[in-house]
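The block underneath contains the structure these notes are about, expressed in structure tokens.
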2 protein chains.
Amino acid sequence: MKKYHAKIIAFYRKAKRMPSYGEIARLLGFKSKNAAYKLVVKMVEAGLVAKDSSGKIIPKRIFGETRVLGTVEAGFPSPAEEELIDTITLDEYLIKNKEATYMLKVSGDSMIDAGIKPGDIVLVERNKPPKNGDIVIAEVDGNWTMKYLRKSGRQITLAPGNKKFKPIVPEDELNIAAVVTAVVRKY
Amino acid sequence: MKKYHAKIIAFYRKAKRMPSYGEIARLLGFKSKNAAYKLVVKMVEAGLVAKDSSGKIIPKRIFGETRVLGTVEAGFPSPAEEELIDTITLDEYLIKNKEATYMLKVSGDSMIDAGIKPGDIVLVERNKPPKNGDIVIAEVDGNWTMKYLRKSGRQITLAPGNKKFKPIVPEDELNIAAVVTAVVRKY
DNA sequence: ATTATAGGTGAACCATCGTTCACTTGTCAA
DNA sequence: TTGACAAGTGAACGATGGTTCACCTATAAT
């Protein structure tokens with residue numbers, strides 16, 4: 001059963017859709033669609049997949065998602081526990097407004113005390129009202145930067161997350177294009 | 001045409017699959033499947049979607065993915081340029097070996113100088129041979145921690161990314177469970 | 001005024017769809 | 001040995017799939 005599951009996942013990854021019953025039969029070497037049908041019924045009962053109103057198979061979370069464990073201190077669960085683990089896609093987890101979200105690469109170390117290093121990717125959301133303390137992407141006097149937004153009364157300051165740099169008080173124009181909603185780093 | 005595109009994306013997000021031609025017609029208010037068929041032909045020509053060997057519609061990158069811009073300094077492109085932007089899913093970007101990758105929440109600030117703060121999520125890959133300098137999840141003398149792995153000859157040290165903590169030289173047992181492959185932070 | 005051309009209608013084609021039913025296995029427990 | 005049961009076969013059903021063809025507007029270009 002687990003071997004079957006893996007093959008269906010492979011199909012889904014390649015075809016970007018779930019297979020039909022005939023395709024499952026072909027995939028697993030069954031000579032009858034009904035064998036595939038019964039298999040899918042079992043998988044639905046096991047919570048691995050679901051069916052929509054027209055009977056088509058739709059993938060559940062397990063397909064192409066990442067397992068969420070506890071904290072570092074908790075260590076790794078045993079295989080028996082693993083079945084209870086929650087799963088989620090990174091996109092679902094990190095992005096609320098998909099249409100307005102973009103990825104930007106970070107260069108420079110002006111936010112390093114905020115844990116944002118050069119080479120990191122930040123997810124930014126456009127058209128989001130910036131709040132005090134948010135990290136924003138802004139155009140100040142012709143240059144694009146990423147900084148903390150500090151509001152105190154009418155006064156607006158762009159503060160770096162690095163003691164070596166000085167806060168910027170915009171003179172001519174301040175254009176806040178986006179708010180940083182997440183940071184991502186790949187090793 | 002853009003309005004149509006948006007509705008099809010919405011269908012895909014809900015149903016987790018691309019609609020059939022009949023469904024597209026219903027979705028867009030057409031009274032004939034053929035209107036949908038011709039629309040899809042245009043979308044294929046425009047590179048928005050593709051078809052597999054059986055004629056079924058498969059989504060292209062634009063569906064459900066995140067746009068990748070340049071660096072922070074480059075700022076935001078104009079709407080005209082946006083059409084040329086590359087897109088990717090975060091899962092594709094961050095995860096190489098899906099079956100062996102897990103998410104762990106970070107607690108404690110022992111890796112803060114490495115830009116990993118409490119509350120961050122780390123992606124860890126199991127069964128990956130750890131190299132010198134990698135950040136690893138390890139069980140040392142009964143406790144789970146996240147540290148830099150330092151090898152020098154036969155000597156193995158677990159070094160924190162925080163000057164306030166001291167490196168750990170494992171005494172009894174050292175069990176390296178996983179290697180950190182990415183860090184993710186949500187604001 | 002005439003001619004293209006893009007966008008939609010309506011019907012038809014066969015293949016495949018999901019689903020059901022009756023039947024044949026093999027396996028393991030009682 | 002018998003019975004129960006899980007797993008696969010094979011055929012059938014109406015519905016829906018992708019595709020094609022002929023036809024019908026509009027709107028814009030010539």
Side-chain angles (χ1 to χ4, degrees), chain A residues 1-65 79-80 82-84, chain B residues 1-65 79-80 82-84:
Chain A
M1 161 109 156
K2 200 144 202 191
K3 205 171 55 185
Y4 293 165
H5 188 194
K7 286 200 179 183
I8 295 175
I9 291 179
F11 183 102
Y12 179 72
R13 297 243 167 95
K14 264 191 204 164
K16 304 259 197 191
R17 64 175 172 84
M18 291 302 273
S20 69
Y21 293 90
E23 283 167 336
I24 292 179
R26 232 169 294 144
L27 205 59
L28 305 182
F30 296 155
K31 294 183 179 174
S32 165
K33 281 201 296 180
N34 195 14
Y37 187 84
K38 289 180 183 173
L39 213 200
V40 171
V41 168
K42 298 233 157 177
M43 292 176 85
V44 170
E45 282 167 5
L48 297 175
V49 297
K51 294 207 208 181
D52 65 14
S53 58
S54 73
K56 290 194 190 330
I57 305 163
I58 57 182
K60 277 235 170 175
R61 314 267 303 254
I62 297 95
F63 281 80
E65 305 210 346
E82 266 195 40
E83 295 172 15
L84 306 171
Chain B
M1 160 105 155
K2 200 147 201 189
K3 204 171 54 186
Y4 293 164
H5 188 194
K7 286 199 178 184
I8 294 175
I9 291 179
F11 183 103
Y12 179 71
R13 296 244 167 95
K14 264 191 204 163
K16 304 258 194 188
R17 64 174 172 86
M18 292 301 274
S20 70
Y21 293 91
E23 285 167 334
I24 292 178
R26 233 169 294 143
L27 204 62
L28 305 181
F30 296 155
K31 294 182 180 176
S32 165
K33 280 200 297 181
N34 195 15
Y37 186 86
K38 288 181 184 173
L39 213 200
V40 170
V41 169
K42 295 232 159 176
M43 291 176 86
V44 170
E45 282 168 4
L48 297 177
V49 296
K51 293 206 207 180
D52 65 15
S53 59
S54 73
K56 291 196 187 329
I57 305 163
I58 57 182
K60 278 236 173 176
R61 313 269 305 255
I62 296 95
F63 281 81
E65 306 211 347
E82 265 197 41
E83 296 173 15
L84 305 172

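The sequence lines fix the lettering, A, B, ..., with proteins before strands; numbering per chain opens at 1. Everything numeric in this text was worked out from a predicted model, so none of it was measured.
- Under the 4.5 Å side-chain criterion, counting only non-hydrogen atoms from C-beta, A:L39 is in contact with A:L28.
- As a whole-Å value, the separation of A:Y21 OH from C:dG18 C1' is 6 Å.
- Between B:Y37 and D:dT19, a side-chain N or O to OP1/OP2 separation shorter than 4.0 Å is present.
- At a threshold of 4.0 angstrom between heavy atoms, the contacts of A:K31 are confined to the sugar-phosphate backbone, with no base atom among them.
- The shortest distance between the side-chain N/O atoms of A:K38 and the OP1/OP2 oxygens of D:dT9 is not below 4.0 Å.
- In this structure, NZ in A:K7 is found 12.5 Å from CD1 in A:I24, a value given to the nearest 0.5 Å.
- Rounded to whole Å, the distance from CG on B:L39 to P on D:dT19 is 14 Å.
- From A:R26, atom CZ reaches atom CZ of A:F11 across 8.5 Å, with rounding to the nearest 0.5 Å.
- Summarising the geometry, the separation between NZ on B:K56 and C1' on D:dT19 is reported as 12 Å, rounded to the nearest angstrom.
- When side chains are defined from C-beta on, A:M43 does not count as touching A:I57, because their heavy atoms never get closer than 4.5 Å.
- As a whole-Å value, the separation of A:I57 CD1 from C:dG18 C1' is 9 Å.
- Considering only side-chain atoms of B:A35, the nucleotide from C:dC17, C:dG8, D:dA6 that sits closest is C:dG8.
- Distance A:N34 CG to D:dA11 P: 13 Å, rounded to the nearest Å.
- In this structure, A:L27 atom CG and C:dT16 atom P are separated by 16 Å, rounded to whole Å.
- In this structure, the CZ atom of A:R26 is 14 Å from the P atom of C:dA15, given to the nearest Å.
- In this structure, the nucleotide among D:dA6, D:dG8, C:dT9 sitting nearest to the side chain of B:F30 is C:dT9.
- Within the nucleic acid shown, A:K33 comes within 4.0 Å of at least one base atom, counting heavy atoms only.
- The listed nucleotides are C:dG18, C:dG10, D:dT19; the one nearest the side chain of B:S32 is C:dG10.
- In this structure, CD1 of A:I58 is placed 16 Å from C1' of C:dC17, rounded to the nearest angstrom.
- In this model, the phosphate group of C:dC17 is approached by a side-chain N or O of A:S20 to a distance below 4.0 Å at OP1 or OP2.
- Distance from the side chain of B:K51 is smallest to D:dT19 among D:dG17, D:dC21, D:dT19.
- Put simply, the side chain of B:V40 reaches to within 4.5 Å of the side chain of B:K51, judged on heavy atoms.
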